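Each chain gets a letter, A, B and so on, in the order its sequence line appears, and its residues count up from 1. Worth saying up front: this structure is predicted, and the values here are computed from it rather than measured.
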Protein chains: 2
Amino acid sequence: MLAAARHQIILERLLAEGAVQVSELSERFGVTPKTIREDLEKLEEKGLLRRTHGGAVASAEEAEPMLPLQIPNTKHLSEKEAIARHALRYIQPNDVIALDAGSTTLEIAKRLPNEPLTVLTNDLLIMQELIGKDRIRLVVPGGYRQRNVLIGNEALDWLNRLNVQKLFLTATGIHEKYGLTVFTGELIDLKKAYMTNAREIYCVADHTKFDRAALLTFASLDEVDVLITDAGLTDDAVRRYEGGRATLERAL
Amino acid sequence: MLAAARHQIILERLLAEGAVQVSELSERFGVTPKTIREDLEKLEEKGLLRRTHGGAVASAEEAEPMLPLQIPNTKHLSEKEAIARHALRYIQPNDVIALDAGSTTLEIAKRLPNEPLTVLTNDLLIMQELIGKDRIRLVVPGGYRQRNVLIGNEALDWLNRLNVQKLFLTATGIHEKYGLTVFTGELIDLKKAYMTNAREIYCVADHTKFDRAALLTFASLDEVDVLITDAGLTDDAVRRYEGGRATLERAL
DNA sequence: ACCTATTCGAACTTTTTCGAACGTTTTTTT
DNA sequence: AAAAAAACGTTCGAAAAAGTTCGAATAGGT
């Protein structure tokens, strides 16, 4: 068995389960634990996972949008709050908006006024946030739960009949060359469905997401209309990202 | 099980519920309480939680579970609790169950153990209740919100491909002649879809629902396997409803 | 044949997990 | 409110599991 083939399978397993074990993998591939550790080391160098004792887990940054309950979120909370406040300026009463899953979009949801508004989302925490806001029309494409997001949607064509005005999109990594990336493949179909149906696409991401690439690219930067980030983005990066089709805006 | 995986789950539980218990976690993971305490110590060092006697609470200010939800229907709560406890006896690990929208089924959801189990629901409050229970596989047919329920038959054909073992059904009225009734027509399609796909149908309803008919009939009493109600149902009514195909059970 | 990358063995170190005895806090009983 | 009981926590240390380092054997490519 080729090392590259093992790596591929390890990553797939990681996507599905969120964590892998050295012992399990060594038995699965019929190689020594030593070899698996070397595999994991190489994958960690590439930033595709994070090593732990006994195995590895999806690396913190990349797993973040899938793990809205994890603490790393609150690390950049003030930045996310600033981004959310900024994004709110684009939301008017009677809009039809889609909120992608993530902690930044959750901050947007928290600040949505209880006014006539249609919100699409697959994020359970966002739904929870909107339960009390009775004037907001909530629309949920179904699915099964992976952590706090409903994914694996069988009825995405239903989504295609909806007319979304504004999409607030999240990503694990934003990179000049690789575009918008995520770590888990299941989210991609949903993001793409939202994107093809949205008239205006706002990508919300704190500065730590920039110049990073996760495993899978789901869109190029050109497909985004507005990139909303925080003041922490370096001037150098601002210069590089300002050039594209997307307008770059830094929330105060 | 990986230590890192435990930590992750502990944190998720902590933010969903506000607090965790050592004893509960040690049983959940099959490790000694000592190990859980060491886990909690490490997480506390990172500032991710605060230790208490017997467990830990979220490090932030909120020791209370986040409950910005609407005023629940607390009418006849003790009866509903009794019915829920009774209904739980029909739920085994690895079951695939559907929880119809309602306050009685919400009581069932609250009492579901965090064990391997697949739960279908359209009730937002039930979803919220299940957010912290990571071992429960949650499946949501989509829709748009009407109060706290997702309705809309767009994804009902998807539902027809699912194989539900047990359905816990609610109704506004239960009547010998008019069968199971509700006031709003939107819920009917969903209930019917659940019913055609369920092998066993349990109708949960407190005694005040009996001998009442709401506007719209969605099923006859013969389609139900078990009728679960509380002790408040009059003997006269018991005699009348016992005769049908459905078994009548009164929760204590 | 030479170089390089992969895989693994073996001795050694670290981390994790847990048992058991002994304090401490919380709850119940009197 | 004091005493007793139960539950929880701490310390020490040991056993098991996982990781590390070093170096050697193997296989592929040039």
Side-chain angles (χ1 to χ4, degrees), chain A residues 1-63 67 70-72 215, chain B residues 1-65 111 113-115 132 134-135:
Chain A
M1 153 140 321
L2 228 51
R6 276 204 315 274
H7 291 187
Q8 178 96 19
I9 293 170
I10 290 172
L11 287 176
E12 279 171 16
R13 184 80 67 96
L14 206 54
L15 295 178
E17 320 259 331
V20 291
Q21 283 181 271
V22 170
S23 57
E24 181 195 341
L25 292 171
S26 100
E27 197 177 338
R28 159 90 160 74
F29 295 126
V31 296
T32 62
K34 184 77 182 45
T35 304
I36 297 298
R37 287 191 197 104
E38 285 167 356
D39 288 340
L40 296 180
E41 277 167 26
K42 275 164 201 148
L43 292 171
E44 186 173 34
E45 274 174 27
K46 292 184 187 170
L48 299 176
L49 52 79
R50 196 162 41 88
R51 284 245 37 204
T52 64
H53 285 258
V57 296
S59 73
E61 300 88 7
E62 286 162 354
L67 300 170
Q70 259 196 341
I71 289 306
L215 191 62
Chain B
M1 153 137 318
L2 232 51
R6 277 202 315 270
H7 292 184
Q8 199 159 310
I9 292 169
I10 290 172
L11 288 175
E12 286 181 9
R13 184 86 68 91
L14 200 54
L15 279 145
E17 317 250 326
V20 292
Q21 284 185 298
V22 170
S23 56
E24 183 195 341
L25 291 171
S26 99
E27 196 178 338
R28 157 79 167 81
F29 295 125
V31 296
T32 62
K34 184 76 181 43
T35 304
I36 297 298
R37 287 191 197 102
E38 285 167 356
D39 286 341
L40 296 180
E41 276 167 28
K42 274 166 202 148
L43 292 170
E44 185 172 35
E45 272 174 27
K46 292 184 188 169
L48 303 179
L49 52 78
R50 201 156 39 83
R51 284 242 39 202
T52 63
H53 291 260
V57 296
S59 60
E61 64 287 350
E62 48 175 341
E64 288 289 309
R111 288 167 177 75
N114 190 13
E115 285 171 10
D134 55 289
R135 304 184 80 181

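Using a 4.0 Å heavy-atom cutoff across all strands shown, A:S26 reaches no nucleic acid atom at all.
Counting non-hydrogen atoms of neighbouring residues, nucleotides and ligands closer than 6.0 angstrom, the CD atom of B:E27 reaches no more than 12 such neighbours.
Mapping A:E38 and A:V22 onto DNA chain D by nearest heavy atom places A:V22 closer to the 5' end of the strand.
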Report task. Would you please test A:R6 and A:T35 for side chain to side chain contact (heavy atoms under 4.5 Å, CB included) and show each step? Result -> CA-CA 10 Å; A:R6 276 204 315 274; A:T35 304; 3.4 Å; yes
Query raised in the report: Does the side chain to side chain contact (heavy atoms under 4.5 Å, CB included) test come out yes or no for A:E38 and A:V31, once each step is laid out?
Result: CA-CA 11 Å; A:E38 285 167 356; A:V31 296; over 6 Å; no
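Taking only side-chain nitrogens and oxygens, A:R51 never comes nearer than 4.0 Å to OP1 or OP2 of D:dA18. Residue A:K42 has a polar side-chain atom (N or O) positioned under 4.0 Å from OP1 or OP2 of C:dT6. For C:dT17, the OP1/OP2 oxygens have no side-chain nitrogen or oxygen of B:T35 closer than 4.0 Å.
Distance B:L43 CG to C:dT16 P: 12 Å, rounded to the nearest Å. Remark: P of D:dA18 and CD of A:E27 are 11 Å apart, rounded to the nearest angstrom. Rounded to whole Å, the distance from CD on A:E41 to P on D:dT20 is 6 Å. In this entry the distance linking CG of B:L25 with P of C:dT17 reads 14 Å, nearest Å. One can place CG of B:L40 at 9 Å from P of D:dG9, the figure rounded to the nearest angstrom. Atom-to-atom, CD1 of A:I36 to P of C:dG9 comes out at 13 Å; the value is rounded to the nearest Å.
Relative to the side chain of A:K34, the nucleotides D:dT10, D:dT21, C:dT7 differ in distance, and D:dT21 lies closest. Among the nucleotides D:dT20, D:dC8, C:dC18, the one closest to any side-chain atom of B:R37 is D:dC8. Looking at the side chain of A:H53, the nearest of the listed nucleotides C:dT16, C:dC18, C:dT7 is C:dT16.
With rounding to the nearest 0.5 angstrom, the CG atom of B:N114 is 4.5 Å from the CG atom of B:D134. To the nearest 0.5 Å, atom CG of residue B:L49 and atom NE2 of residue B:H7 are 9.5 Å apart.
With hydrogens and angles ignored, no donor-acceptor pair closer than 3.5 Å exists between the side chain of B:Q21 and the base of D:dC8.
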